[in-house]
Amino acid sequence: MPELPEVETTRRGITPHIQDRRITGVVVRQARLRWPVPRQLGQKTTGQKIRSVLRRGKYLLLQLDAGTVILHLGMSGSLRLVPWDTPADKHDHVDIQLDNKRSLRLHDPRRFGAVLWTSREISQHKLFKHLGPEPLTDDFTGAYLHALSRKRKCNVKSLIMNAGIVVGVGNIYACEALFLAGIRPGLAADKLSRPRCEKLVAGIKAVLQQAIAAGGTTLRDFTDGDGKPGYFKQQLQVYDREGQDCHRCGQTIKRVTSANRSTYYCPHCQK
DNA sequence: ACGAAGCCCTGCAAGC
DNA sequence: TGCTTGCAGGGCTTCG
């Protein structure tokens with residue numbers, strides 16, 4: 001399930017292969033993704049050069065001259081570069097064909113992903129207008145999080161998974177960051193002290209950076225291989241470890257359901 | 001304005 | 001063994 005580190009790893013992997021290439025066509029085999037793939041996607045993009053490949057939260061942005069292709073991998077999506085005539089497998093929904101006889105191919109079994117087009121400034125787009133800061137920038141600080149958490153009745157895990165507060169923190173890394181910070185996921189957001197906010201922000205940055213570093217060393221070439229990472233799993237401290245020993249204190253990791261999401265924590269290390 | 005629940009979808013695991 | 005059921009997940013959307 002692609003979270004921010006996987007999306008960033010994908011961005012870095014595909015960029016050298018697609019930047020400054022011209023789009024020669026688009027093939028849509030399945031338009032019913034998270035939102036319908038726009039019918040005009042092909043005519044809007046064909047003939048244009050990909051100027052840059054950006055990321056905002058978990059969205060990938062292909063910057064063209066006349067607008068932006070917005071990509072999201074949902075939870076089962078992946079991108080690969082293939083020779084343009086490679087037969088499509090099941091769930092290979094969209095190809096963006098390039099002038100180097102290759103296609104950027106979206107594979108997404110669960111179809112929670114998205115391919116959209118906008119000719120407007122990306123920050124004006126509905127999906128991006130209300131997003132919080134990027135977690136790995138200096139805009140995301142303990143002071144900022146502390147200020148926004150005042151008078152909030154939600155728990156701290158929901159707080160950091162709220163894209164209006166900070167983007168790109170999904171279920172797995174929310175659990176991991178809370179473990180690093182020693183904070184219980186169910187704690188009310190407005191009970192978080194300023195120093196604990198500092199610690200939490202540091203935890204979020206650390207876990208994301210770690211995962212990006214791990215992805216960077218594992219996924220070397222996006223033009224071959226099956227594109228299945230799964231590289232970070234061995235480093236997880238609490239996620240998906242219900243009933244197992246805490247790596248830090250040896251006590252048993254617990255799982256609770258919060259906001260319909262599995263939440264893992266160590267009752268001894270997290271208060 | 002906020003927070004909680006619902007929904008989209010398929011693959012896989014567990015249970016019968 | 002073959003079916004059915006439940007669960008997982010991001011995150012927008014709807015409802016309260």
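Because only heavy atoms are used, hydrogens play no part in the values below, and waters and symmetry mates are left out as well, while side chains stay in. Numbers restart at 1 for each chain; the letters A, B, ... are given by sequence-line order, proteins then strands.
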Check your understanding: Expressed in angstrom and rounded to an integer, what is the separation of A:F112 atom CZ from B:dG6 atom C1'?
Key -> 12 Å
Review point. Near A:K254 NZ, under 6.0 Å, is it more than 12 heavy atoms from other residues, nucleotides or ligands?
Key: no
Practice item. Could you tell me whether A:L127 contacts a base, only the sugar-phosphate backbone, or nothing, with contacts defined as non-hydrogen atoms closer than 4.0 Å? Key: sugar-phosphate
Review point. Does the cation-pi check pass for A:R255 over A:Y265, that is, NZ or CZ under 6.0 Å from the six-membered ring centre and within 45° of its axis?
Key: no
Practice item. Using a strict 4.0 Å threshold on nitrogen-to-oxygen distance, state whether A:K49 and A:D20 make a salt bridge. Key: no
Revision key, fill the gap. Regarding the side chain of A:H91, the nearest nucleotide among C:dC12, C:dG11, B:dT10 is B:dT10
Practice item. Check whether the ring centres of A:F128 and A:Y59 lie less than 6.0 Å apart, and answer yes or no. Key: yes
Review point. For A:N171 and C:dG11, what is the distance between atoms CG and C1' respectively, to the nearest whole Å?
Key: 12 Å
Check your understanding: In whole Å, what is the span from the CZ atom of A:R111 to the P atom of C:dC12?
Key -> 19 Å
Exercise for review: In whole angstrom, give the distance that lies between atom CG of A:L33 and atom P of C:dC12.
Suggested key: 16 Å
Revision key, fill the gap. Of C:dC12, B:dG3, B:dG11, the nucleotide closest to the side chain of A:R34 is C:dC12
Check your understanding: Do the charged groups of A:R150 and A:D190 touch, with an N to O distance under 4.0 Å?
Key -> no
Practice item. For B:dG11, take OP1 and OP2 only and decide whether either is under 4.0 Å from a side-chain N or O of A:S76. Key: no
Review point. Can you find a donor-acceptor pair, distance only, under 3.5 Å between A:R110 side chain and C:dG10 base?
Key: no
Study note, to complete from the structure: Checking B:dG11, C:dG10, B:dC2 against the side chain of A:R152 (C-beta onward), the nearest is B:dC2
Check your understanding: Over how many whole Å does the gap from A:D240 atom CG to B:dC12 atom C1' extend?
Key -> 13 Å
Practice item. Calculate the interatomic distance between A:I70 atom CD1 and C:dG11 atom P; express it in whole Å. Key: 14 Å
Point to revise | Residue met sooner reading DNA chain B from 5', once A:S158 and A:R261 are mapped to nucleotides | key: A:S158
Review point. Can you check the A:W35 CH2 to C:dC12 C1' distance for me, whole Å?
Key: 6 Å
Check your understanding: How is A:R150 classified with respect to the nucleic acid when contacts are heavy atoms under 4.0 Å: base, sugar-phosphate, or nothing?
Key -> nothing
Check your understanding: Does A:K153 put a side-chain nitrogen or oxygen below 4.0 Å from OP1 or OP2 of B:dC2?
Key -> no
**Study point:** Candidates B:dC9, C:dG11, C:dT13 - which lies nearest the side chain of A:R32
**Key:** B:dC9
Revision key, fill the gap. Against the side chain of A:H72, the closest entry in C:dG10, C:dC12, B:dG11 is C:dG10
Point to revise | Whole-Å gap separating P (C:dC12) and NZ (A:K126) | key: 10 Å
Exercise for review: Please determine if a side-chain N or O atom of A:Y59 lies less than 4.0 Å away from the OP1 or OP2 oxygen of C:dC12.
Suggested key: yes
